[in-house]
There are 2 protein chains.
Amino acid sequence: MAKSVSTFMLRQRAFLKLYLIKLVEEERLYGLEILETLKGEFKAYGYKPTHSEIYKSLHELMADGILDRYRRPKEGTKLQEVVYYRFNDLEEAKRYKKQLKVELDRCVGLLQKALKDNYR
Amino acid sequence: MAKSVSTFMLRQRAFLKLYLIKLVEEERLYGLEILETLKGEFKAYGYKPTHSEIYKSLHELMADGILDRYRRPKEGTKLQEVVYYRFNDLEEAKRYKKQLKVELDRCVGLLQKALKDNYR
DNA sequence: GGATGAACAGTATGTTCATAA
DNA sequence: TTATGAACATACTGTTCATCC
């Protein structure tokens, strides 16, 4: 059930989902940790995602069947439960990544065309 | 009265305004001719602007004080009047272009980071 | 039918509120 | 206070409608 691709630029949601897949591959983080990690990553690029976009992106990845979630006590503590994510369908995740590559290339091409056409 | 810059990606409207400034510099075209020209330009990039985005972008450039408009019979005909555009404030146009350059560079940087971080 | 523009509708995304621990 | 999520509000953009040649 692929979303129809936005015609002009890729949407923030799609961009975040790509990074969420990467983070789930690499480390175990819960929602707000993910948020802080990504804020750090993108700070130099003037982009600061919000908690609600992160959660919505995670939920969308679950609706896509790519991730699922489990509750577990936060590292170090015994009491507070937080939500972690893992892959439900790794093949689907790979397919999503591959698709995003095409879209990212297209968008870079469009923006670079604008730079070429309008400057110097 | 600059619009606050979208944090994630530049908006379609801003992108179109940049190209509209370029077209007004280069040739005299009215709305639907501009639309067809830009459809041709971006076809290879999977982007197809709509007539209503073009008109809204033109109107916004007038509201910004950058362009103004005049009616004139369509080339070749005597009867039908169409709307052409010319610069009202060329300095402001240059300022807009300069600002967009920064934003385009930022966006390309963000997308290329995503390519670098997520693929090979 | 071509040209311009406005109205309307849907979607994308940010801000605020609710709940729990 | 931190964590999660939903609700709400707004911004962006595409589709449809209206009007005028």
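Reminder, nothing fancy here: chain letters follow the sequence lines and each chain counts from 1.
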Rounded to the nearest Å, what distance is computed from the [atom1] atom of residue [X] to the [atom2] atom of nucleotide [N]?
X	N	atom1	atom2	result
A:I54	D:dG5	CD1	P	13 Å
A:E33	D:dT4	CD	C1'	14 Å
B:K39	D:dG14	NZ	P	12 Å
A:K48	C:dG14	NZ	P	12 Å
A:L58	D:dA6	CG	P	12 Å
A:R13	D:dC12	CZ	P	17 Å
B:F15	D:dC12	CZ	P	17 Å
A:E53	D:dT4	CD	P	16 Å

Remember a base hit wins even if backbone is also touched, and classify [X] as base, sugar-phosphate or nothing at under 4.0 Å, heavy atoms.
X	result
A:Q12	sugar-phosphate
A:H51	base
B:Y85	sugar-phosphate
A:Y84	nothing

To check you understand the geometry: which heavy-atom pair defines the closest contact between A:I66 and A:A93, and what is its length?
CG2-CB, 3.7 Å

Look at the side-chain N and O atoms of A:Y55 and state whether any lies under 4.0 Å from the OP1 or OP2 oxygen of D:dT4.
yes

Quick one: is B:R11 getting a side-chain N or O under 4.0 Å of the D:dC12 phosphate, OP1 or OP2?
yes

So is B:R28 actually on top of B:Y84's ring, under 6.0 Å and inside 45° of the axis?
yes

Ignoring hydrogens and geometry beyond distance, is the side chain of B:K56 in donor-acceptor contact with the base of D:dG14 at under 3.5 Å?
yes

Base C:dT16 to side chain A:S52, donor-acceptor N/O within 3.5 Å cut-off
no

Nearest to side-chain heavy atoms of A:H59, which nucleotide of D:dT2, C:dG2, D:dA6
D:dA6

Quick check for you: among C:dT15, D:dA6, C:dT4, whose closest atom lies nearest to any side-chain atom of B:V82?
C:dT4

Result for side chain to side chain donor-acceptor pair (under 3.5 Å) between A:Y47 and one of A:Q12, A:K39, A:E41 points to A:Q12

Does a salt bridge link B:D117 with A:K22, judged by any charged N lying under 4.0 Å from a carboxylate O?
no

May I ask you to decide whether B:K74 forms a salt bridge with B:E81, counting only side-chain N to carboxylate O separations under 4.0 Å?
no

